[in-house]
Amino acid sequence: MELNGILTSGLTDTWEAAEGVAALRTLFVNVAYIGHSVTEWILVDTGLGNFAGSILQTSWEWFGKPPAAIVLTHGHFDHVGNLKELMEEWDGVPVYAHPLELPYLTGLQDYPPADPAVGGGLMAAVSPLYPHRGLNLGGAVHPLPEDGSVPGAKGWTWVHTPGHSPGHVSLFRPADKVLVSGDAVITVKQESAFAVMTQHKELHGPPAYFTTDWVEAEKSVRKLALLDPQIVLPGHGLPMAVPELSAQFAHLCKTFKERSVPSQGKFV
């Protein structure tokens, strides 16, 4: 299955991963655009900070209107970096996240600091510098519907994929088995600055330096594999499609403990 290549180039790169599914990379984190200009669309995650202008410009060029909703796979700093700026620009657009993620988005709780002891490369080594404080969005953030539907994205469902964070979710479109995986599975070794820079494509578990529950992380990978996704758009790395995706999912499930779980670290 072929994926469409880069659509535009500038401060960031953008891709069309599937019909009605596009991505914009904010340095080393992807945000996803789901929908069409003639119907509703949603933004999934808001990327690394200082890219609000790029997100807004791309949104206007592609859709010409604000999204119906912003859906967060989770609340780590590199996935909510432009959230407050976008909320100010798109006044009244609701934000959704899993109920277990709400304490980190309503000022009640901070994430644990990143753990550099997991090793794997420079990105892990400098991870203590990454922000881990929660946000306080107050009543602007809402729990995702209990029935698994995704507000503003007809035909999509959300899947609880904890491990990287307690309320992490991935989004899935059963009709053509497109998966927006957030950080539950990614296609780059995020701990390595070299891998991030070259975007060497290989399926991995979640970024190790922020993952707090490896048992749940492995369960989440297996849950996603059972969906038999045909295309995955991850939070980090390039989109991947079958047959490469199927083979790599099988290999990741078989070798998860050896390949993804670090040999040391405070959450191992």
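No hydrogens, no waters, no symmetry mates; every other heavy atom, side chains included, goes into these values. For the single chain, residues carry numbers from 1 onward in sequence order.
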Examine V93 and M87 and state if one hydrophobic cluster contains both, with Ile, Leu, Val, Met, Phe, Trp and Tyr joined whenever side-chain heavy atoms are less than 4.5 Å apart. yes
Can you tell me how far the CG atom of L227 sits from the CZ atom of R173, to the nearest 0.5 Å? 14.0 Å
OG/S59 to CG/L86 distance, rounded to the nearest 0.5 angstrom? 7.5 Å
Less than 4.5 Å apart, side chain to side chain, heavy atoms only: is that true for P143 and L102? yes
Considering all heavy atoms, the nearest P94-A68 contact: CD-O, 3.4 Å
Minimal heavy-atom distance between P229 and L245, with the atoms involved, is O-CD2, 3.4 Å
If every non-hydrogen atom of L203 is compared with every non-hydrogen atom of M240, which pair is closest and at what distance? N-CE, 4.0 Å
Heavy atoms of other groups near N50 CG, more than 12 under 6.0 Å: no
Output every pair passing ring-ring contact (aromatic ring centres under 6.0 Å, His included) with a member in residues 141-162, not counting sequence neighbours, ordered by first then second residue. Y96-H142, H98-W158, H98-H160
Give a yes or no on whether K266 atom NZ has more than 12 heavy-atom contacts from other residues, nucleotides or ligands under 6.0 Å away. yes
Does D45 use its side chain to pair, donor to acceptor, with the backbone of T73 at less than 3.5 Å? yes
Using modelled atom types and a 3.5 Å cut-off, is there a donor and acceptor pairing between side-chain atoms of N82 and backbone atoms of T46? yes
Do W62 and S37 have side chains that approach each other closer than 4.5 Å (heavy atoms only, starting at C-beta)? no
Taken in chain and number order and not counting sequence neighbours, the residues that satisfy side-chain hydrogen bond (donor to acceptor under 3.5 Å, both in side chains) with S181 are none
Check whether more than 12 heavy atoms from other residues, nucleotides or ligands sit under 6.0 Å from atom CD of E258, and answer yes or no. yes
Under 3.5 Å, sequence neighbours excluded: what are the donor-acceptor pairs made by side chains of residues 133-141?
residue	atom	partner	partner atom	Å
R133	NH1	D110	OD2	2.9
N136	OD1	G138	N	3.2

Polar side-chain atom of Q109 near backbone of G107 as donor-acceptor pair, under 3.5 Å: no
Just by modelled atom types, is the L238 backbone N or O under 3.5 Å from a matching donor or acceptor in the T187 side chain? yes
Smallest separation among heavy atoms of A97 and L105, with atom names: CB-CD1, 3.6 Å
Close side-chain approach of L171 and I34, heavy atoms under 4.5 Å: yes
Side-chain heavy atoms nearer than 4.5 Å, only ILVMFWY residues, links allowed to pass through others: does that put L144 and L100 together? no
Give the intermediate values and the outcome of side-chain contact (heavy atoms from CB on, under 4.5 Å) for residues Q230 and D176. CA-CA 7 Å; Q230 302 297 289; D176 54 1; over 6 Å; no
Tell me which pairs pass ring-ring contact (aromatic ring centres under 6.0 Å, His included) where either residue lies in residues 247-268, with sequence neighbours left out. none
Taking C-beta and beyond as the side chain, do V185 and P234 meet within less than 4.5 Å on heavy atoms? no
Nearest heavy-atom neighbours spanning N30 and G237: ND2-O, 2.7 Å
Do Y111 and V126 sit in the same hydrophobic cluster, where Ile, Leu, Val, Met, Phe, Trp and Tyr count as joined when their side-chain heavy atoms come under 4.5 Å apart? no
Give a yes or no on whether the backbone of P162 and the side-chain of S220 come within a donor-acceptor separation of less than 3.5 Å. yes
If you define the side chain from C-beta out and look only at heavy atoms, does anything of F51 sit under 4.5 Å from V31? no
Any D228 side-chain heavy atom under 4.5 Å of K177 side chain: yes
For L43, run the side chain to side chain contact (heavy atoms under 4.5 Å, CB included) check against I55, V95, L72 and tell me which one passes. I55
D91 atom CG, neighbour heavy-atom count above 12 within 6.0 Å: no
Is the shortest distance from a Lys or Arg side-chain nitrogen in D13 or R25 to a carboxylate oxygen in the other one below 4.0 Å? yes
Between E191 and A208, is there a donor-acceptor pair closer than 3.5 Å when you use the side chain of the first and the backbone of the second? yes
Show the numbers, then the answer: is there a side-chain contact (heavy atoms from CB on, under 4.5 Å) between V261 and V268? CA-CA 7 Å; V261 181; V268 177; 4.2 Å; yes
Sorted by chain and residue number, the salt bridge (charged side-chain N to carboxylate O under 4.0 Å, His left out) partners of E218 (sequence neighbours excluded) come out as R222, K257
Determine whether Y104 and L48 fall in the same hydrophobic cluster, where Ile, Leu, Val, Met, Phe, Trp and Tyr are linked whenever their side-chain heavy atoms lie under 4.5 Å apart. no
Kindly compute the distance separating OG1 (T14) from CD (E61), expressed to the nearest 0.5 Å. 8.5 Å
F28 reachable from I186 in the ILVMFWY side-chain graph, under 4.5 Å edges: no
Relative to the ring of H74, is the ring of H79 parallel (under 30°), tilted (30 to 60°) or perpendicular (over 60°)? tilted
Walk me through whether V221 and C253 qualify under side-chain contact (heavy atoms from CB on, under 4.5 Å). CA-CA 7 Å; V221 168; C253 289; 4.1 Å; yes
Determine whether a donor-acceptor pair (N or O, by modelled atom type, separation under 3.5 Å) exists between the side chain of E101 and the backbone of G75. yes
Check: P239 main-chain N/O paired with K201 side-chain donor or acceptor under 3.5 Å: yes
Residue pair E16 / V21, side-chain heavy-atom distance below 4.5 Å: no
Under the ring-ring contact (aromatic ring centres under 6.0 Å, His included) rule, what pairs show up with a residue in residues 201-221, not counting sequence neighbours? H76-F210, Y130-Y209
Beyond-backbone contact of P112 with H132, side-chain heavy atoms, under 4.5 angstrom: no
Any side-chain to backbone donor/acceptor pair from K65 onto W60? Under 3.5 Å, distance only. no
side-chain contact (heavy atoms from CB on, under 4.5 Å) between S192 and L122, intermediate numbers included: CA-CA 6 Å; S192 166; L122 181 61; over 6 Å; no
At their closest point, which heavy atom of A117 faces which heavy atom of G265, and how far apart are they? CB-CA, 4.1 Å
H168 vs D183, test: side-chain hydrogen bond (donor to acceptor under 3.5 Å, both in side chains). Steps then yes/no. CA-CA 8 Å; H168 190 287; D183 283 2; 5.3 Å; no
Just by distance, do the side chain of Y33 and the backbone of F63 share a donor-acceptor pair under 3.5 Å? no
